[in-house]
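Okay, so here's the structure we're looking at.
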Amino acid sequence: MALVNTKEMFAKAYAGGYAVGAFNVNNMEIIQGITEAAAEAKAPVILQVSKGARAYANHTYLVKLVEAAALVYPEIPIALHLDHGPDFETCKSCIDGGFTSVMIDASSKPFEENVEITKKVVDYAHKYGVTVEAELGSLAGVEDEVKVSAEDSSYTRPEEVEEFVTKTGCDSLAIAIGTSHGAYKFTAEQCTRNEKGILVPPPLRFDILEEVAKRLPNFPIVLHGSSSVPQEFVKMINENGGKLPDAVGIPEEQLRKAAELAVCKINIDSDIRLAMTGVVRQFLNEHPDKFDPREYLKPARQSIKDMVSHKIYDVLGCNGHA
């Protein structure tokens with residue numbers, strides 16, 4: 001199957017009460033781990049490339065690696081998506097260069113300017129059958145080159161969504177309901193402790209999500225900053241020479257609830273990076289005589305596959321929907 005845009009996969013996700021996983025990719029092993037897990041689960045998948053990933057690995061390498069995955073696993077729908085496109089020119093470059101979906105993130109701009117920039121991208125993308133994700137509201141945190149302070153973050157205002165979608169013609173909308181970019185989502189001061197002494201982050205604003213869904217019936221909603229930051233990998237990294245501070249992510253049960261509502265796409269990136277880094281650090285620490293990248297990247301790839309499989313079955317609920 002050739003690469004697809006997100007239109008049909010989102011329509012099926014909305015109707016089925018599940019979400020499609022969107023995973024940021026930077027190299028071959030990450031792409032292999034994700035797509036092997038998706039193929040075994042018979043799940044649709046979105047492979048995301050950020051501006052930083054394009055700078056790191058080169059646009060052409062990444063496109064060809066994703067196209068190779070589509071050839072290896074023709075039985076599952078795979079979309080190639082630009083994550084957090086900062087401007088029209090970046091989105092145009094990706095549309096012209098083989099991407100099937102792009103995000104234009106003008107959420108830091110005033111409402112009317114966000115509308116204007118988004119509509120320009122939509123008008124160009126739709127000529128080529130490329131779907132467009134936009135964003136209203138700003139998530140705090142750091143992800144690649146996206147940096148938003150807690151002071152500058154803001155929840156999405158439901159009263160704005162209908163006008164925004166109508167004026168821009170975007171195909172999906174990322175909203176801010178309390179998720180956060182990066183692995184360091186919440187400080188200890190922002191959390192409470194449960195009866196076991198484990199830090200628990202503030203709950204997601206499902207009231208905002210439900211109101212948005214009411215105003216935009218059957219319209220695909222997207223959650224960014226939705227990594228759960230598995231503590232076993234934070235511990236693994238720190239036990240093998242790392243120095244990651246306490247990190248608290250989004251509880252998976254809250255993400256599952258969001259997927260059962262209007263959320264059709266959930267972005268997951270830090271969990272994959274933590275899994276990969278933890279396994280590589282442990283392998284090299286336990287085998288100081290090893291130097292062949294194939295030896296430590298093989299278990300890292302398996303760790304990514306296991307992580308993605310868990311997300312597909314237990315969080316996204318999209319297994320069997322390819």
Side-chain angles (χ1 to χ4, degrees), residues 3 21-43 45-76 78 80-81 83 142-144 182-184 227-247 249 252 267-316 319:
L3 295 175
F23 304 94
N24 283 63
V25 300
N26 303 287
N27 63 16
M28 182 184 74
E29 286 77 15
I30 293 175
I31 292 170
Q32 288 175 324
I34 294 167
T35 52
E36 186 174 343
E40 288 186 4
K42 296 181 173 58
V45 68
I46 299 168
L47 301 181
Q48 298 195 148
V49 173
S50 65
K51 179 183 176 184
R54 290 176 81 221
Y56 166 75
N58 183 284
H59 173 106
T60 303
Y61 277 111
L62 290 170
V63 170
K64 295 306 178 184
L65 284 168
V66 174
E67 288 177 348
L71 290 173
V72 174
Y73 300 112
E75 68 275 19
I76 61 169
I78 300 175
L80 174 56
H81 177 74
D83 190 28
V142 178
E143 178 185 336
D144 282 350
Y184 311 121
S227 296
S228 299
V229 192
Q231 293 305 296
E232 64 267 30
F233 289 111
V234 174
K235 182 181 179 183
M236 183 185 294
I237 290 169
N238 289 339
E239 287 178 347
N240 290 278
K243 294 183 179 180
L244 294 183
D246 287 339
E252 291 185 336
N267 287 22
I268 301 166
D269 57 354
S270 296
D271 291 357
I272 285 178
R273 295 172 183 176
L274 289 168
M276 186 174 194
T277 300
V279 169
V280 169
R281 277 189 172 275
Q282 184 180 64
F283 182 93
L284 293 176
N285 193 35
E286 293 175 352
H287 304 88
D289 59 324
K290 301 296 185 182
F291 62 90
D292 187 338
R294 293 172 296 182
E295 295 192 76
Y296 55 80
L297 289 178
K298 184 176 180 180
R301 181 174 58 196
Q302 181 64 44
S303 181
I304 291 167
K305 178 186 173 182
D306 294 342
M307 170 69 69
V308 173
S309 294
H310 162 65
K311 298 293 184 181
I312 287 172
Y313 283 94
D314 302 323
V315 180
L316 303 166
N319 50 295

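We count residues from 1, following the sequence as given.
- At distances below 3.5 Å, at least one donor-acceptor pair connects side-chain atoms of Asn238 with backbone N or O atoms of Leu244.
- Atoms CD1 and OG, on Ile304 and Ser309 in that order, are 11.5 Å from each other to the nearest 0.5 Å.
- Across all non-hydrogen atoms, the minimal contact from Ile76 to Lys42 is CG2-CA, 4.4 Å.
- Ion pair Glu40/Lys305 flagged as a salt bridge, since at least one NZ, NE, NH1 or NH2 atom sits closer than 4.0 Å to an Asp/Glu carboxylate oxygen.
- The shortest non-hydrogen separation linking Asp271 to Ser228 is OD2-N, 2.9 Å.
- Interatomic distance, CG of Asn240 versus OG1 of Thr277, reported as 11.5 Å (0.5 Å rounding).
- The two residues Phe283 and Tyr296 make their nearest non-hydrogen contact at CD2-CB, 3.4 Å.
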Leu297 and Asn27: CA distance, side-chain angles, deciding distance, side chain to side chain contact (heavy atoms under 4.5 Å, CB included) verdict
CA-CA 11 Å; Leu297 289 178; Asn27 63 16; 5.7 Å; no
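- At least one side-chain heavy atom of Pro230 sits under 4.5 Å from a side-chain heavy atom of Met307.
- To the nearest 0.5 Å, atoms CG (Leu47) and OG1 (Thr35) are separated by 6.5 Å.
- A donor-acceptor pair under 3.5 Å is absent between the side-chain atoms of Ser50 and the main chain of Asp83, judged by distance alone.
- Atom CZ of Arg273 sits about 13.0 Å away from atom CD1 of Ile268, to the nearest 0.5 Å.
- Between Val25 and Ala53, the shortest heavy-atom contact is O-CB, 3.7 Å.
- Distance CE/Met236 to CZ/Arg281: 12.0 Å, rounded to 0.5 Å.
- Within the 4.5 Å cutoff, side-chain heavy atoms of Glu36 are placed close to those of Tyr73.
- Note on Lys311 versus Glu252: salt bridge recorded, some NZ/NE/NH1/NH2 to OD/OE distance being below 4.0 Å.
- Judged by distance alone, with hydrogens and angles left aside, the side-chain atoms of Asn24 form no donor-acceptor pair with the main-chain N or O of Val49 at under 3.5 Å.
- In this structure, Lys235 does not pair ionically with Glu232, as no charged nitrogen and carboxylate oxygen lie closer than 4.0 Å.
- Proximity of a side-chain donor or acceptor of Gln231 to a complementary backbone N or O of Val229 within less than 3.5 Å is detected.
- Taking NZ of Lys64 as the reference point, atom CD1 of Ile31 lies at 13.0 Å (rounded to 0.5 Å).
- Smallest separation of non-hydrogen atoms from Ile237 and Gly278: CG1-CA, 3.5 Å.
- Ala275 approaches Phe233 most closely through the heavy-atom pair CA-CD2, 3.6 Å.
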